[in-house]
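Atom set for the values below is all heavy atoms of this structure, side chains included, hydrogens, waters and symmetry mates excluded. Naming convention: chains lettered A, B, ... in sequence-line order (proteins, then strands); numbering from 1 in each chain.
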Protein chains: 2
Amino acid sequence: MSAWTPPPPGRHVYEYPRPAVAVDCVVLGLDTDDLKVLLIRRGVDPWKGAWALPGGFVGEREGLEAAARRELAEETGIGEVFLEQLYTFGEPDRDPRHRVISVAYYALAKLSDFKLTAGTDAAGAGWHPLSKLPALAFDHAAIIDAAVARLRGKVRYAPIGFELLPPRFTLTQLQRLYEIILERELDKRNFRKKILSLDLVIETDEKQTGVRHRAARLYRFDRKKYDRLVKHGFEFAI
Amino acid sequence: MSAWTPPPPGRHVYEYPRPAVAVDCVVLGLDTDDLKVLLIRRGVDPWKGAWALPGGFVGEREGLEAAARRELAEETGIGEVFLEQLYTFGEPDRDPRHRVISVAYYALAKLSDFKLTAGTDAAGAGWHPLSKLPALAFDHAAIIDAAVARLRGKVRYAPIGFELLPPRFTLTQLQRLYEIILERELDKRNFRKKILSLDLVIETDEKQTGVRHRAARLYRFDRKKYDRLVKHGFEFAI
DNA sequence: CTCACTGAGTGTATGATGTACACGAACAAG
DNA sequence: CTTGTTCGTGTACATCATACACTCAGTGAG
C-alpha cells in the first residue's frame, strides 16, 4: 500500500469509478397540426454540430429536476413548464467517450410562449416536427420515442393535454390536440359531450379573435376543481 | 496551473465532481391477503442494522437493469423476475455521507418461489407486509410508495398481475389479486365475465389440490396471444 | 348589400359495456 | 350422512360509447 496521495488540484477523486450523471429534456409543443420537439445544436464533441436534446450534467448539490429546469432555462430560455421525470438511460455505451447516465425528463410547453428568437441563449434551438426529425446525437431519438409514448399513454387518464394549450382555448383546439396525440380522429359531438360532462373546463365569456369565420367560445381548465375531485377518488379519462 | 499529476493508485479521478449511482429494487410479492415487500438488513453504515431495499452501486460497464438483477441475485437469491424501471431518486441529501443517485426498479415475484431460508446469501432478507413496514433506511419508504402506486396504476391496463401468481391459478386467486392491489372488492360474476371475455386466460384441465372444499379449475395466462393482440392495437383493461 | 365560405354548435337512436344481485351443486372432513 | 366451504353460473337494468348531418354565425370579397 502506498501512502495517501493528495488529490490533484481541481480534480475529484473517488475510491470506486463513477459514471457521469446528466439530465436531458424532451420538450414537446403543439403546433397547428403536429407535435414538435425542441432541439439544440451541439457545440462540442462528441456529436458536435448534431441536433440533440437540451440537457447537461447535474451539479454536485443539485436535485435532478432542478438540473433539468436549469439546463432548459440556460439552453432554450424556457422556464415554468410542466416537467416530469421520464426514464433513466444508462446503457454503458450510449456515450462513446465515457460512461454517462442520463435521467430524461419530458416537458410540455405552449409553443406560442416560446418563439425562439436568434440572439438569445436559445439561438441554436429549434422546434422540429416529430415526423421528420434530423439525425440526433447519442440515443436521443430513443428518448424522444419514450417521451411521446408516455404522453400518448398519459394524456388519456391525466389532464396534461391542457399544458400544451394556451390558458384559454376552444373546444375544437382541445379536440385537435387529442387527435394529434392519439393519432386518430374523434367525433366532434361526442368529444364535446364527453369533455363537457367531465365538467372540468369552464366556459368563459370570451371568444376567439382574429379568425375569418364565426368565433368560437373560449374555455379554461379548472385545475382547482380537478385537484379537489382527484382527492376524492375521481379519475379523469378521455 | 500545476503540471499533470498521475492519479493515486486504486483511485478514480475526474475533472468534475460525480455522484455515485446506485440501483434499488422494490420486490413485491402477493401473500394470502396482502402485498409484501422484500427487505434486507443493512450490514454497513450509514443506517447499519436498518431494513432497506436490496440494491447497490452500478458497475463501471454495467447496464442499469443488469445491475439491479445482479444485486437482487446477490442479496436475495432472486432471479428471473419481472423487473421494470420505476423512478430515479436524486435529491442531494438522500444519503447523509455523499451524493448518491438511485435508479429504482420494481419487481413482481411469486412469493411461493422465494422461501427465503436462512443460511443463504439471503439470510438477512425478509418479506414485510406493506401495511406495517419497519423503519427504513434513506428514502426507501418513498421508493416503496412509488412502486406500489405504479403497480396500482399499471395493473389495470397491463397484464402484470399474472407475474404475482403461480403459472396455474384459479379465477378466485386472480380476483383476490386485483382486490388486494386495487383495494376494493369486486363482484365475482362480473369479474369472471370480464376476464373470460378478454380471452387471455386459458382453461387447463387441472384442478386445485389440497383444499378442503370443492377444487377450482386452474387457468393459465396466454402471453403469446396477448403479445399478438397488442401488436394489432389491442389494449388490455380491467 | 349580397354572396360565398368556413367553422361553430347542437340531439337522437342504437349497440356495447358495466353493475347489481342469489343460489344450487361439488367436494372434503368428520 | 351431515356439515362446511367454495365453485360456478344468468339476467335485468343503467350507463356509456358510437354513428351520424344540418343550420347558423361571422368574415371577407366583390
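Rounded to an integer number of Å, the gap from CZ of B:R217 to C1' of C:dC27 is 15 Å. Look at CG on B:N190: it is 19 Å from P on C:dA16, rounded to the nearest Å. Between the C1' atom of C:dG18 and the CG atom of B:L198 lies a distance of 13 Å, rounded to the nearest Å. At whole-Å resolution of the value, CD1 in B:I195 and P in C:dT17 are 15 Å apart. One interatomic measurement links the two molecules: CD of A:E235 to C1' of D:dC16, which rounds to 16 Å at whole-angstrom precision. Regarding B:L171, its CG atom lies at a distance of 10 Å from the C1' atom of D:dG8, rounded to whole Å. A straight line from CD of B:E185 to P of C:dC21 spans 13 Å, rounded to a whole angstrom. Atom-to-atom, CZ of B:F191 to P of D:dG10 comes out at 18 Å; the value is rounded to the nearest Å.
Side-chain atoms of A:R189 come within donor-acceptor range of the base of D:dC20, with a qualifying N/O pair under 3.5 Å. For A:K194 against D:dT18, no side-chain N or O and base N or O form a donor-acceptor pair under 3.5 Å. For A:K193 and C:dT12, a side-chain-to-base donor-acceptor distance below 3.5 Å is present, hydrogens and geometry of angles not being considered. At a cut-off of 3.5 angstrom, counting only N and O atoms as typed in the model, there is no donor on one side facing an acceptor on the other between the side-chain of B:R214 and the base of C:dC27.
Along DNA chain D, the nucleotide nearest B:K188 and the nucleotide nearest A:A215 are compared for position; the residue whose nucleotide lies closer to the 5' end is B:K188. Place A:L196 and A:R212 on DNA chain C by their nearest nucleotides, and A:R212 ends up nearer the 5' end.
The listed nucleotides are C:dC21, D:dC7, C:dG9; the one nearest the side chain of B:D187 is C:dC21. Taking only side-chain atoms of B:R192, from C-beta outward, the nucleotide of D:dG26, D:dC7, C:dC21 with the closest atom is D:dC7. Candidate nucleotides D:dG26, D:dT18, D:dG8 were compared by shortest atom distance to the side chain of A:K207, and D:dG26 ranks first. For A:H213, the side-chain atoms get nearest to C:dG7 when compared with the rest of C:dG9, C:dG7, D:dG8.
OP1 or OP2 of C:dA8 has at least one side-chain nitrogen or oxygen of A:T172 nearer than 4.0 Å.
The CG atom of A:L196 sits 12.0 Å away from atom CD1 of A:I202, with the distance rounded to the nearest 0.5 Å.
None of B:D33, B:L171, B:L186, B:L165 except one satisfies the side chain to side chain contact (heavy atoms under 4.5 Å, CB included) rule with B:R176; the exception is B:D33. Of the candidates A:F162, A:F221, A:Y219, A:F162 is the only one forming a ring-ring contact (aromatic ring centres under 6.0 Å, His included) with A:F169.
Not one N or O on the side chain of A:D139 forms a donor-acceptor pair closer than 3.5 Å with the backbone of A:A142.
Between A:Y87 and A:F89, the ring-plane angle classifies as perpendicular under the 30° and 60° cut-offs.
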